[in-house]
Every structure is written in structure tokens, then in C-alpha cells.
Amino acid sequence: MRVAIAGAGLAGLACAKYLTDAGYTPIVLERRDVLGGKVAAWQDEDGDWYETGLHIFFGAYPNILQLFKELDIEDRLQWKEHTMIFNQPEVPGTYSRFDFPDIPAPWNGIVAILRNNDMLTWPEKIKFGLGLIPAMIQGQNYVEQMDRYSFSEWLKLQNVPPRVEKEVFIAMSKALNFIDPDEISSTVILTALNRFLQEKNGSKMAFLDGSPTERLCQPIVDYITERGGEVRLNAPVKEFLLDEDGKVRGFLMRGLDGQPDEVLTADLYVSAMPVDPLKVMLPEPWRQLDYFKQLDGLEGVPVINLHLWFDRKLTDIDHLLFSRSPLLSVYADMSNTCKAYANPDRSMLELVLAPAKDWISKSDSEIVEATLAELEQLFPQHFSGDDRAKLLKYHVVKTPRSVYKATPGRQQHRPSQTTPITNFFLTGDYTMQRYLASMEGAVLSGKLTAQAIANSNRPSVTNTQPIGVGS
Ligand SMILES: Cc1cc2nc3c(=O)[nH]c(=O)nc-3n(C[C@H](O)[C@H](O)[C@H](O)COP(=O)(O)OP(=O)(O)OC[C@H]3O[C@@H](n4cnc5c(N)ncnc54)[C@H](O)[C@@H]3O)c2cc1C
């Protein structure tokens with residue numbers, strides 16, 4: 001059976017990979033000339049890579065780790081020391097660390113928190129620990145119920161001192177969803193904390209050894225095409241064409257460079273597009289259905305990813321850093337963290353600017369100027385005096401609508417992978433799965449969609465593999 005999939009982000013590619021395993025023939029249609037969607041990357045005229053986002057893989061990502069294993073590319077994940085490193089705004093240029101010892105969970109996390117005395121006082125740690133007890137005892141059910149509160153509200157309800165939010169959770173919520181704790185749903189932070197506390201290596205981080213497009217997406221494409229599937233770039237789906245029953249009869253493909261539009265038909269159809277363009281493309285009869293109406297509650301959040309090349313080494317830290325600065329979220333010196341971007345003499349900082357709503361429409365030079373001002377706090381030794389670090393070049397990648405904005409109440413708007421239209425399925429990080437809007441969420445959603453298809457439509461082949469979901 002042929003399955004047409006609109007979108008070659010991680011969800012669309014994972015869906016195609018698992019459909020291939022189950023004996024289907026996927027045809028992935030990607031609007032742009034690059035694979036990966038929100039993990040897409042480009043090479044500039046000097047051969048330097050720049051990316052849509054600084055991407056971190058966590059130990060708590062079972063499905064994406066399984067995918068690396070199945071593609072035999074596990075060695076491309078560069079695991080870092082088990083620690084979380086925060087800048088200290090009150091002492092510019094210094095760091096505070098949460099070091100996880102090599103003991104079972106949750107003790108490694110508890111020891112990491114207790115040993116850090118720079119950011120939280122003992123009474124603050126104890127009050128925060130007490131506040132977390134319901135989440136630890138009642139687990140995911142409780143975490144889901146807390147979707148009605150922002151994380152700021154939840155902290156107040158649990159009597160956690162406001163300094164805990166300021167010191168730790170502004171940085172964490174900006175890293176997880178590019179917004180502040182007064183906007184983010186408690187479910188997002190509690191889900192992450194639960195994974196980090198329940199799994200020994202849950203918060204351990206890895207960087208890919210090169211660009212996600214080449215080092216992760218391409219092997220998935222090779223896997224699919226070697227087994228008879230197809231992945232087409234520059235193939236925008238313009239419209240979902242319906243038959244008289246309201247089912248999909250084809251994807252209308254926009255003709256590029258003066259070519260006429262064409263109809264692509266398949267046995268089954270999947271949208272792996274982000275939720276914002278999907279909403280625009282919904283055919284009129286579907287808009288009346290509650291299942292599709294619920295999507296109105298989801299909308300992508302803006303974010304900006306910057307790459308700054310300097311004339312010297314700014315740091316030798318080989319890890320992700322939480323900037324704790326007003327404009328920036330996380331950052332890393334990619335010349336240390338990523339094999340393909342390595343440079344022993346010069347730094348390339350990749351930085352996430354969030355919340356980005358007031359910056360997304362500003363010019364690249366304004367954004368870079370404001371970022372450099374923040375770097376004076378992060379690297380005072382290199383941005384003061386006569387011998388200041390020189391910016392050699394930069395790239396700014398803006399994503400006006402990235403992952404769905406996870407404000408309180410969003411969980412009820414996330415759709416299942418199965419739709420009321422029997423030959424049409426959804427996949428994507430915003431669809432309902434337990435890993436939020438992330439690479440793990442995207443891969444898991446792709447797998448769940450392939451599973452839903454396999455459960456509802458058996459292809460007429462015998463050598464198929466079951467699709468197992470990691471928890
Ligand atoms: C700055 C940034 C940093 C991030 N950091 C992390 C991180 O550290 N860790 C983590 O786990 N996650 C991170 N994420 C989130 C992660 O990138 C996403 O959750 C994930 O990649 C989403 O995958 P997806 O396949 O669901 O959607 P997308 O990647 O958005 O894929 C959708 C695809 O559909 C295509 N498309 C759209 N319309 C059409 C059409 N009409 N026809 C055909 N194709 C179409 C798009 O071009 C795109 O390729 C980050 C995201 C950003 C933006």
C-alpha cells in the first residue's frame with residue numbers, strides 16, 4: 001500500500017521509516033528544498049553549517065535513541081558529562097553546576113540538587129522538594145491535571161519561594177518551550193522533571209556530531225529509499241482533494257517554476273506538517289468536525305537561533321549552558337561540542353533567543369547587537385578592555401511559528417494520530433504523545449501514526465515487523 005506523507009520533518013520521516021518496516025511504501029513530500037523541518041540546517045559559502053535550532057538529545061528519549069540504533073548511527077551521538085551548567089548573572093563569567101553522581105535515580109538527581117549551594121538555599125530546596133511530592137507519588141495523572149495552571153501559579157500553590165522560579169525555572173521554561181514560567185503549562189515542566197528524576201540518565205545530554213540534516217535525516221531517507229519508498233524535496237502539498245464521502249482522493253501538488261499542479265494519489269494519506277499550515281489547509285467540510293476544531297487551540301511559538309563566529313576561543317566548556325540572561329535561553333560553543341564544527345582556535349556560539357515575540361520582526365543586525373550586549377555579561381573577560389573578541393560573521397535563523405506554544409489548557413487540544421477521516425492520519429510533535437513538543441515527541445508521533453495505520457489497514461505482505469513504542 002502506498003502512503004503519501006506531507007512533510008519531511010522528524011515526524012514525517014519516522015512515520016515513513018516505521019511504515020517501511022511494516023511493509024508499506026511511503027512517499028514523503030517536502031515543501032522545502034531541505035530535509036528536517038525544525039531540525040533543518042544549511043551550509044554557507046564557507047562550508048559552515050547553520051541550523052534552525054540548537055538541538056539537544058536527552059537520555060530520557062527512548063524512541064529517538066531506538067531509532068539511532070535501528071539506523072546503526074548511535075556513534076553519532078556525542079554524550080556529555082552528566083551535569084547541568086548555569087551562568088550566574090550576579091557574578092558575570094562564572095558558572096554554577098548540578099552534577100549528577102553515578103548512582104541510581106532519583107538519588108543522583110536529589111544529590112545534584114542538594115550539592116548545589118550557589119543557586120538555592122537549603123530552605124528553598126526543601127520547600128521545592130515538598131512541592132514536588134504529589135507529582136512523584138501520583139505520577140503522570142497528576143502531571144496532566146496540572147495543565148490548568150501556569151508553572152508560576154503551580155509554584156505559588158505549592159508554597160515554593162519565588163526565588164526558585166527566578167533562579168532555576170525561567171531558564172528551564174525558556175529552554176523547554178521558548179516562553180517564561182508565567183506562560184508555560186505546569187505539565188511541561190513537571191513532565192521533564194519527572195523524566196529527569198525517574199531515569200538515571202534522563203537528564204544526560206548529547207549533541208549530534210554534525211548537522212541534523214546530513215547526520216540524522218539523510219540516514220532515515222536512505223533507509224526508506226533502499227526499501228522502495230520515496231522522499232521528494234521541493235514538493236509542496238497545496239490542497240487535500242476530497243471525494244464525495246469527505247475522504248481524501250489525492251494530494252494536489254503545487255507545480256513549481258511554471259509547471260502545472262499535479263494530483264498525487266495513494267492508498268492512505270498523512271499530514272506531517274506543523275499544526276499552523278495544517279489548519280490553513282483543512283478542507284471546508286472537515287472544519288465542521290470537533291476533531292479538527294480542537295486544533296484552533298494550538299499555535300506555534302516564535303523563536304530565533306543565532307550563530308556567531310569569533311576570532312578566538314571564548315570558552316573550553318564542552319556542554320550546553322543555561323544563560324539565565326533576559327534575552328537568551330540556552331547556548332553552546334559548537335566548536336567544542338560538535339565534531340563536525342570543531343575548531344581548536346575559534347568559537348562558534350549557537351544561541352537560542354527566547355521569548356522571541358518582540359524580536360522576531362527585528363532586523364538580523366539589531367538581534368545580533370542585542371545578543372552581543374548580553375555576551376558582555378556571559379564572557380566579560382572577552383568583551384571588555386582593548387582586546388575585545390571580534391565577531392567574524394553570523395547567521396540568524398528566525399522561526400516565527402515553531403513548536404506549539406504550551407500554555408495552560410493546551411493538552412486537550414492535541415489530536416490523536418487517527419482522525420475521523422478513515423484514510424487520513426496526522427503525525428507531528430503537537431499530536432498527542434507523552435513527550436511534549438520535541439524531537440522525541442516527533443519521532444514517537446511518527447511511530448504511533450505508523451502503528452495506527454498498521455492496525456487499521458494491513459498490507460498484503462508477510463515479512464513485516466511489529467512497531468514497538470519505547471516508554
Ligand atoms: C530553536 C529550536 C530549538 C529546539 N531544540 C530542541 C532540543 O534541544 N531538543 C528537542 O528534542 N527538540 C528541540 N526542538 C523541537 C524540535 O525541533 C521539534 O519538536 C521537531 O523537530 C518537530 O518535528 P515535526 O516533524 O513534528 O515538525 P517539523 O520539523 O516542523 O516538520 C514539518 C515539515 O512539514 C513541511 N511542510 C509544511 N507544509 C508543507 C506542505 N504544504 N507540503 C509539504 N510539506 C510541508 C515543513 O517544511 C517541515 O519540513 C527545537 C526547535 C527549535 C525551533
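Just the heavy atoms: all of them, side chains too, but no hydrogens, waters or symmetry mates, feed the values below. Both counts, for ligands and for their atoms, begin at 1 and track the order of listing.
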Close residues, ligand 1: non-hydrogen atom nearer than 4.0 Å: Gly7, Gly9, Leu10, Ala11, Leu29, Glu30, Arg31, Arg32, Gly36, Gly37, Lys38, Val39, Thr52, Gly53, Leu54, His55, Ile56, Tyr61, Phe178, Ala235, Pro236, Val237, Ala272, Met273, Pro274, Met281, Val303, Ser402, Val403, Gly428, Asp429, Ala437, Ser438, Met439, Ala442
Qualifying salt bridge (charged side-chain N to carboxylate O under 4.0 Å, His left out) pairs, either residue in residues 174-190, two or more places apart: Glu183-Lys405
side-chain contact (heavy atoms from CB on, under 4.5 Å) partners of Leu289, counting only residues at least two apart: Phe292, Pro420, Ile421
Pair Phe240 and Tyr269, ring centroids less than 6.0 Å apart: no
Asp72 CG: over 12 foreign heavy atoms closer than 6.0 Å: no
Set of residues satisfying side-chain contact (heavy atoms from CB on, under 4.5 Å) with respect to Asp296, sequence neighbours excluded: Lys279
More than 12 heavy atoms of other groups within 6.0 Å of Glu262 CD: no
